[in-house]
Colleague: 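Before I ask anything, let me first share the structure, which is written out below as structure tokens.
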Amino acid sequence: ERSSSTFSFSSYHTIEEIYDWIDNFASENSNLVSKIQIGQSYEQRPLLVLKFSTGGSNRSAVWIDTGIHSREWITHATGLWTANQIVSEYGKDPVLTSILDTLDIFLEIVTNPDGFAYTHSEDRMWRKTRSINPGSSCSGVDANRNWDSNFGGTGSSDDACSDDYHGPSPHSEVEVKSIVDFVLGHGNIKAWISIHSFSQLLMFPYGYKLELTPDHQELNDLAREAVKVLTTKYGTEYTYGSISSTIYQASGTSIDWAYDNGIKYSFTFELRDTGEHGFMLPASEIIPTAEETWPALLTIIDHARHHPY
Amino acid sequence: LKLFSGDQVLRIKAKDETQLAVLKDLVHFKHLQVDFWRSPLSPNLPVDVRVPSCNLQAVKAYLKSHGIPYSVMIDDVQVLIDKEREAMAASRRL
């Protein structure tokens, strides 16, 4: 019998290994963790979400997803470490303990499983989903241009061969639609954190327009605080701000959709970049990356907990 | 199984908006098959682009002709992929 305690968080893993780990992790920590299947990917892989909860019904909750862009392996690895950290630190870390005593956390570690499997078997640099595009020889949709937030606008492509292809319609990708249905069905998600890599950024809405959100000042202050605690750990420097003002205009992204659907605390991380390896971040950097991200996550979640709306 | 032997990742630092525009044009040259890891967004931010080995000469010449400075961030992408695989296999054995 395998145990999740022998799992190495300092290595990259295949999707089979990750799914095995999720099974074991949920069963070994059933007092705190449950595994939820929110749908099936285009290639029929289960879309799994870990729910961390200490009880209650339909508590306010936090959504975290990692790996929507499949080649960004450090995000999946950070998701795994983070899941384990939540269980390890509950009852020890007073901030996390307080959070989990009032909020639930939902964590989707492999948000784009078909793309992730494809990065292991065919093309290490694959970013999109693996759905077939009728009339094109190119497969896949950029799942972070597929959300119903100014869908098809600036910063997305209508070329199916592009890495930024927005897809035929909003939520055409089952990987996206499954999250939309789950989150809307839940109805009480108060914070949303989508984790990407690797440009060392912490961003918030809007991406699809240059205008500031009504909550800009609060989100900006919170991002500054989160970046500050992240940098404290290893000195990794982050830039923060709205997506459109920080780097580019991008339409159809998850955090804009979340914000426009009433989730005020919507953020997206771009994790560590050594400036030497990009997506090929050495496995030795997995744990430092996850460790420095952790206090930033807690900062955002704790702020959401203290500022109900 | 797609191979990336000899593919390089260039880190490019545009000096101004003019050079940034030149880099943005590169996006449209589909025959060069470049893969932007960090897109050309602002002169303050570096641009990383993976270039297939067969198009390295053309892309580097394009950058040089426009006076855009770059450095080779990854010399051979396939070497890193092979290292990743070895690390994963070793971890699995462990």
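Chain letters run A, B, ... following the sequence lines, proteins first and then strands; every chain starts at 1.
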Colleague: With only heavy atoms counted, which part of A:S121 is less than 4.5 Å from chain B, the side chain, the backbone, both or neither?
Modeller: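 When you check distances to chain B, only backbone atoms of A:S121 fall under 4.5 Å.
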
Colleague: Among A:C161, A:S199, A:S8, who wins on heavy-atom pairs under 4.5 Å with chain B?
Modeller: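 Most heavy-atom pairs within the cutoff with chain B belong to A:S199.
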
Colleague: Rounded to the nearest 0.5 Å, what's the gap from CZ on B:R92 to CD on A:E17? Could you check?
Modeller: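 Those atoms lie 4.0 Å apart.
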
Colleague: Would you please test A:R124 and B:V77 for side-chain contact (heavy atoms from CB on, under 4.5 Å) and show each step?
Modeller: CA-CA 10 Å; A:R124 173 67 183 82; B:V77 172; over 6 Å; no

Colleague: Which atoms of A:D159 come close to chain B, meaning under 4.5 Å heavy atom to heavy atom: side chain ones, backbone ones, both, or neither?
Modeller: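 It is the side chain, since no backbone atom gets that close.
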
Colleague: Which members of residues 130-145 of chain A, sorted by number, sit under 4.5 angstrom from chain B on a heavy-atom basis?
Modeller: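 Near chain B, by residue number: none.
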
Colleague: To the closest 0.5 Å, what do you measure between CE (A:M280) and CD (B:Q78)?
Modeller: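 So the gap between those two atoms works out to 8.0 Å.
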
Colleague: What's the separation between atom CD in A:E276 and atom CG in B:L80, rounded to the nearest 0.5 Å?
Modeller: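 A:E276 atom CD to B:L80 atom CG measures 10.5 Å (nearest 0.5 Å).
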
Colleague: Find the distance between CD (B:E84) and OG (A:S11) and round it off to the nearest 0.5 Å.
Modeller: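 Nearest 0.5 Å value for the CD-OG distance: 9.5 Å.
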
Colleague: Among A:W126, A:F279, A:Y12, A:Y248, single out the residue with the greatest number of heavy-atom pairs under 4.5 Å to chain B.
Modeller: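 Top option by heavy-atom pairs under 4.5 Å: A:F279.
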
Colleague: Less than 4.5 Å to any heavy atom of chain B: does that hold for the side chain of A:T246, its backbone, both, or neither?
Modeller: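 When you check distances to chain B, only backbone atoms of A:T246 fall under 4.5 Å.
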
Colleague: Nearest 0.5 Å, please: how far is CZ in A:F7 from OG in B:S91?
Modeller: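 Between B:S91 OG and A:F7 CZ, I get 7.5 Å after rounding to 0.5 Å.
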
Colleague: What parts of residues 45-67 of chain B touch chain A if we use heavy atoms and a cut-off under 4.5 Å?
Modeller: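 Near chain A, by residue number: B:L45, B:D48, B:R50.
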
Colleague: Check whether A:D163 gets within reach of chain B through its side chain, its backbone, both or neither, counting any heavy atom under 4.5 Å.
Modeller: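 Side chain of A:D163 only, per the 4.5 Å heavy-atom cut-off to chain B.
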
Colleague: Write out, in numerical order, the residues from residues 30-39 of chain B with a heavy atom short of 4.5 Å from a heavy atom in chain A.
Modeller: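 Interface residues of residues 30-39 of chain B: B:K30, B:D35, B:F36, B:W37, B:R38.
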
Colleague: How about residues 65-76 of chain A versus chain B: which residues have heavy atoms under 4.5 Å apart?
Modeller: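 Those residues of residues 65-76 of chain A which have a heavy atom under 4.5 Å from chain B are A:R71, A:W73.
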
